[in-house]
Amino acid sequence: MSQISITLPDGNVRKYAAGITGMDIAKDISTSLGKKAISCSINGKHCDLSQVIQSDVDFAIFTMQDDVQALELIRHDCAHIMARAVQEIWPDVQVTIGPVIDNGWYYDFDRKDPFTPEDLSTIEKKMREIINLKDSVRREIWDRERAIKYYKDNNEPYKVELINSIPGNEDLSMYWHGYWQDLCRGPHLVHTAQIPSDSFKLMSVAGAYWRGDSNNTMLQRIYGVAFQNKNDLKAHLTMLEEAALRDHRKLGREMDLFHMQEEAPGQIFWHPNGWRIYTALQDYMRRMQDKNGYVEVNTPQVVDRKLWEASGHWEKYQENMFIVEVDEDHAREKAINALKPMNCPCHVQIFNQGLKSYRDLPLRMAEFGSCNRYEPSGALHGIMRVRGFTQDDGHIFCSEEQIESETKIYIDFLSNVYKDLGFDDFKVKFSDRPDKRSGSDEVWDKAEKALLSATRAAGIEPELNIGEGAFYGPKLEFVLTDAIGRDWQCGTHQVDFVLPDRLDASYIGKDGDKHRPVMLHRATLGSFERFIGILIESHAGKLPFWLAPRQVVVASIVSDANDYVIKKVSELNNLGIRAEADIRNEKINYKVREHSLGKVPVILAVGAREVQDNTVTLRRLGQKQTEVKQFEEILSKLSLESTPPDLRN
RNA sequence: GCUGCCGUAGCUCAGGGGUAGAGCACUCCCUUGGUAAGGGAGAGGUCGGAAGUUCGAAUCUUCUCGGCAGCACCA
């Protein structure tokens with residue numbers, strides 16, 4: 001038998017007979033390592049310890065101390081154990097897939113009756129029993145026919161379908177957890193008891209379509225979370241509880257920012273406090289766009305179907321549009337209009353007024369465009385996903401040669417805005433052609449290439465998002481995260497060769513001929529509504545001073561100070577500071593508590609002494625200590641703080 | 001849109017086939033009090049909506065609207 005060299009991470013080389021397994025090596029290194037080992041790496045690939053090694057390799061052993069590998073295995077094995085538990089309790093349930101996800105795993109089942117919360121505890125209990133059996137995990141390679149026959153015999157049609165969709169004639173790996181087995185790539189733990197039985201929890205059940213396709217059966221998905229130890233699980237659950245406190249829907253109510261009601265699902269009633277945030281943000285964006293060479297426009301809400309037919313929206317986007325039929329007495333036919341779901345076709349109409357020259361390009365056109373989209377009911381989510389919203393929309397009409405420089409300029413612009421708003425880090429995704437699209441493949445090739453290379457030129461390597469582009473062009477998505485880690489697309493930048501063509505936009509080039517401009521669709525915040533939702537959650541309601549709806553409350557301690565309070569509030573207001581008086585007949589403790597809960601960043605308390613000395617006692621949100629200051633000093637200080645970031649210095 | 005769960009006073013929530021209950025908020029009175037709830041009194045829901053079962057429904061059934069989680073869809 002031939003000798004092979006096993007190179008360990010520290011550079012040591014050990015010689016073994018070919019055909020040795022990872023576990024053999026672990027045990028050979030030390031008995032304790034043999035016990036602690038959970039998996040290994042063979043030439044950088046994460047493998048089972050049972051993996052047989054036939055040639056020289058780089059090799060490493062993983063234990064529970066290796067976070068990345070340990071968590072992956074724990075979660076993956078949990079998925080299998082859960083599926084086994086479910087089938088032990090309900091033998092007629094069919095299993096499908098069960099991957100590892102952030103913090104845990106899920107497994108999709110086909111079962112007639114819904115899983116109840118009580119079922120989840122039953123399953124958890126059964127899982128612990130299985131873990132305690134300390135069943136070893138075994139890997140077997142099966143050929144396709146055997147696997148298909150096995151699953152057919154066991155009445156598992158989903159698995160058969162899965163196998164049939166695995167390309168090529170590659171062999172399939174089967175993993176056995178005791179007597180129970182599942183088709184799986186692996187790797188897995190050595191035995192079930194390596195899962196810490198007190199560090200996982202089944203979280204929820206929800207419907208999920210088989211293979212993610214809404215034409216397919218809806219399965220039942222059980223989500224679980226799992227960690228290396230009890231404390232990590234506890235920390236995760238605590239984090240979730242704290243995240244719930246930052247939910248913009250909860251804070252929106254508590255801070256009296258907005259409300260929504262049945263009569264207008266997916267639309268927002270902005271209260272005075274919320275509208276202050278909105279307008280402060282809009283004022284900021286308007287200044288930023290002005291400074292960056294945009295011209296601001298405004299376009300109609302209700303537009304005849306003819307324009308939507310021309311733009312392609314009628315064909316590709318109709319199910320998302322609010323259709324308005326107008327049946328006027330004298331009209332020969334019913335007029336069919338739609339509320340605009342996007343601003344782009346209207347912007348082209350403005351571009352098309354009068355002849356444009358290459359000298360007019362790039363033309364950066366912006367609109368705080370109010371849009372309405374009939375979003376599926378299940379998609380609505382607080383103010384983050386609504387049916388009526390306003391985009392900080394813009395379209396850059398330019399030549400093909402200008403795509404790259406305009407993209408670069410825009411990415412810089414967006415980065416500055418995000419930075420000003422406290423988001424230094426954001427994800428960038430590149431979405432290419434969707435199935436449902438306008439324009440030829442040739443045009444799409446050109447658009448995708450242009451956008452991607454421009455993005456790279458701006459120093460960004462985006463994540464790829466296959467098939468997620470808009471129907472008229474590929475897009476760059478700038479993604480921010482909410483309190484519980486859900487991703488939301490906010491900014492976007494899209495290259496479009498299709499719409500200018502469909503709507504016959506043109507400019508006269510240097511050569512005197514007509515040319516098609518390219519349109520770059522771009523939105524920075526995305527929608528004010530969604531962005532404000534993200535802002536609220538990321539700050540837990542404690543918005544930066546310049547965005548806080550109520551920046552200052554001046555509160556009297558004794559009623560003799562009321563006149564002074566009112567006078568000071570008006571002096572603050574005169575400097576543009578959003579200040580309110582609280583001269584209610586309540587104790588200062590009560591007022592402090594209430595305005596603290598209301599997330600007011602500064603409370604100025606005024607009693608007899610302050611009136612006497614023309615001072616105020618300042619208390620900042622979240623701080624216990626107070627400081628007595630001359631009012632003039634406070635005035636200039638707060639005036640500075642209330643200055644938006646683009647107006648400082 | 002799909003699956004599941006939920007819908008009781010402004011808010012958070014209890015109750016549950018015989019015509020609703022708590023805390024906070026609100027109103028009034030007393031209190032003028034120094035930095036996260038001072039005290040007292042009072043008013044306020046017909047239980048998301050519709051239909052049905054029943055002598056009787058907020059409580060059971062069906063439909064419908066809305067919300068939540070996930071899926072699908074997407075700023």
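Each chain gets a letter, A, B and so on, in the order the sequences are listed, and its residues count up from 1.
Residue contacts for Leu597(A): at a heavy-atom cut-off of 4.0 Å it reaches a base atom on one of the strands shown. Using a 4.0 Å heavy-atom criterion, one finds that Ala555(A) contacts no nucleic acid atom at all. Residue contacts for Ser556(A): at a heavy-atom cut-off of 4.0 Å it reaches no nucleic acid atom on any strand shown.
Distances shown here put every side-chain N or O of Lys587(A) at or beyond 4.0 Å from the OP1 or OP2 atom of U35(B). Between Ser377(A) and G1(B) there is a side-chain polar atom (N or O) within less than 4.0 angstrom of OP1 or OP2. Using a 4.0 Å cut-off, some side-chain N or O of Arg619(A) falls inside it from OP1 or OP2 of A36(B). For the OP1/OP2 pair of G70(B) and a distance below 4.0 Å, the side-chain nitrogens and oxygens of Tyr107(A) include no atom meeting the criterion. Taking side-chain N and O atoms only, His381(A) has a distance below 4.0 Å to OP1 or OP2 of A69(B). Within the structure, a side-chain polar atom (N or O) of Arg249(A) is placed less than 4.0 Å from OP1 or OP2 of A69(B). For Arg593(A), no side-chain nitrogen or oxygen approaches OP1 or OP2 of U35(B) to under 4.0 Å. Side-chain N/O atoms of Arg486(A) include one lying less than 4.0 angstrom from OP1 or OP2 on A69(B).
Of the nucleotides present, A41(B) is the one that pairs with U27(B) by Watson-Crick or G-U wobble criteria, both distances under 3.5 Å. When Watson-Crick and G-U wobble pairs are counted only if both distances are under 3.5 Å, C63(B) pairs with G49(B). Of the nucleotides present, U12(B) is the one that pairs with A22(B) by Watson-Crick or G-U wobble criteria, both distances under 3.5 Å. Under the Watson-Crick or G-U wobble criterion, with both distances below 3.5 Å, U35(B) has no partner in any strand shown. The pairing partner recorded for C2(B) is G70(B), the criterion being a Watson-Crick or G-U wobble arrangement whose two distances lie under 3.5 angstrom.
Residues Phe258(A) and His271(A) place their aromatic rings such that the two centres sit no closer than 6.0 Å. Not less than 6.0 angstrom separates the ring centroid of His347(A) from the ring centroid of Phe397(A).
Remark: C1' of C74(B) and CG of Asp393(A) are 15 Å apart, rounded to the nearest angstrom. Rounded to whole Å, the distance from CG on Asn320(A) to P on A72(B) is 16 Å. For the pair Leu120(A) CG and A69(B) C1', the computed distance is 13 Å after rounding to whole Å. Note: CD1 (Ile534(A)) to C1' (C74(B)) measures 14 Å, nearest angstrom.
For the pair Arg75(A) and Phe200(A), the cation-pi criterion (under 6.0 Å, within 45° of the ring axis) is not fulfilled.
Comparing Glu610(A) and Ile383(A) by the nucleotide of RNA chain B whose heavy atom lies nearest to each, the residue mapping closer to the 5' end is Glu610(A). Between Glu263(A) and Glu529(A), it is Glu263(A) whose nearest contact on RNA chain B lies nearer the 5' terminus.
Shortest non-hydrogen contact noted between Asp432(A) and Gly467(A) is OD1-N, 2.5 Å.
Not a single donor-acceptor contact under 3.5 angstrom links the side-chain atoms of Ser204(A) to the base of G4(B). A donor-acceptor contact under 3.5 Å is formed by the side chain of Ser559(A) with the base of U32(B). Between the side chain of Glu319(A) and the base of G1(B), no donor-acceptor pair under 3.5 Å is found.
Classification of the Trp270(A)-Trp275(A) ring pair by plane angle, with boundaries at 30° and 60°, yields tilted.
When each of Arg437(A), Arg502(A), Met342(A) is paired with Tyr472(A), the side chain to side chain contact (heavy atoms under 4.5 Å, CB included) condition holds for Met342(A) and for no other.
Residue Lys624(A) has its side chain nearest to U35(B) when only C74(B), A72(B), U35(B) are considered.
At most 12 non-hydrogen atoms from other residues, nucleotides or ligands lie less than 6.0 angstrom from NZ of Lys542(A).
Distance noted for atom C1' between G23(B) and G18(B): 28 Å (whole Å). On the P atoms, G10(B) is 38 Å away from A72(B), given to the nearest whole Å.
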